[in-house]
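To start, the structure itself, in structure tokens.
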Amino acid sequence: MIDEKLNEKLNEKIKRTEELALAEPENSEASDSIADLVRRMLVVLGENPDRDGLRRTPERFEKALRFLTSGYHQDQDKVLNGAMFSVCYDQMVLVKDIEFHSLCEHHLLPFSGKCHVAYIPDKKVVGLSKIPRLVNMYARRLQIQERLTNQIAAAIQQKIAPLGVGVVIEARHLCMVMRGVEKQGSQTVTSAMLGAFRENIQTREEFLSLIRGK
Ligand SMILES: [Zn+2]
């Protein structure tokens, strides 16, 4: 059973996320397009934005960035609604190795990796294909890995109130790799464990060993 405090905490977390998503960009009347700004940035970097290779780069960058942040225009209700089913199944549901790509909000550089999501249903399950979509929705925003992990767990907790949710993310951050801060091949691992995954060591161990057993 979900205790009320947890639900309240999740609600607050999600509300903050929504506020972030809905925040209007400041001074939107000074509407430089992203492409305009990139053109100016190229000049500041000492480049000639009119040379052949760079001429269409600002537009290409804008298009890419809009795709990589398209998660701001989606919400978990739309992604998950219509994909929740009632069942009599109370064993762990695991979707592992969900590939994702996100952008670190501190450097606007990619971090990528794998996300593993598990839950133990309490009467309701969510369509399996929706879980990778949920991961993508939150990944395609400016993120830190810890928040991404929490948001995915909170969304599932809120939508189907399972007995527990576990989310583990293993990722490599280009901002660290490219600057040599991170040793080659090393990964950052974050996890969010709710309900049974937090309280019951056996449940958590089962989840972790299923992830490891590749
Ligand atoms: Zn970074």
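Both ligands and their constituent atoms are indexed starting at 1 by order of listing. Atoms considered below: every heavy atom in the structure, side chains included; atoms not considered: hydrogens, waters and symmetry mates.
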Hey, does the side chain of Arg198 reach the backbone of Met193 with a donor-acceptor pair shorter than 3.5 angstrom?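 Looks like yes, one N/O pair under 3.5 Å.
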Has Thr57 got a side-chain atom pairing as donor or acceptor with Gly53's backbone, closer than 3.5 angstrom?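 Confirmed, Thr57 side chain pairs with Gly53 backbone.
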Angle subtended at the Zn ion (ligand 1) by SG of Cys175 and ND1 of His107, to 10 degrees?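 So the angle at the metal works out to 110°.
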Are Leu109 and Leu42 linked, directly or through other ILVMFWY residues, by side chains that come within less than 4.5 angstrom of each other?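 No: no chain of side-chain contacts under 4.5 Å links Leu109 to Leu42.
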Among Gln74, Gln143, Gln76, the one residue meeting side-chain hydrogen bond (donor to acceptor under 3.5 Å, both in side chains) with Tyr138: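 Exactly one candidate clears the test, Gln76.
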Any N/O/S atom, backbone or side chain, of Cys104 lying under 2.8 Å from the Zn ion (ligand 1)?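 Of the N, O and S atoms in Cys104, at least one lies under 2.8 Å from the Zn ion (ligand 1), which means yes.
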Tell me, please, if His173 has any N/O/S atom, main chain or side chain, under 2.8 Å from the Zn ion (ligand 1)?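 Given the 2.8 Å cut-off, His173 does not count as a ligand of the Zn ion (ligand 1).
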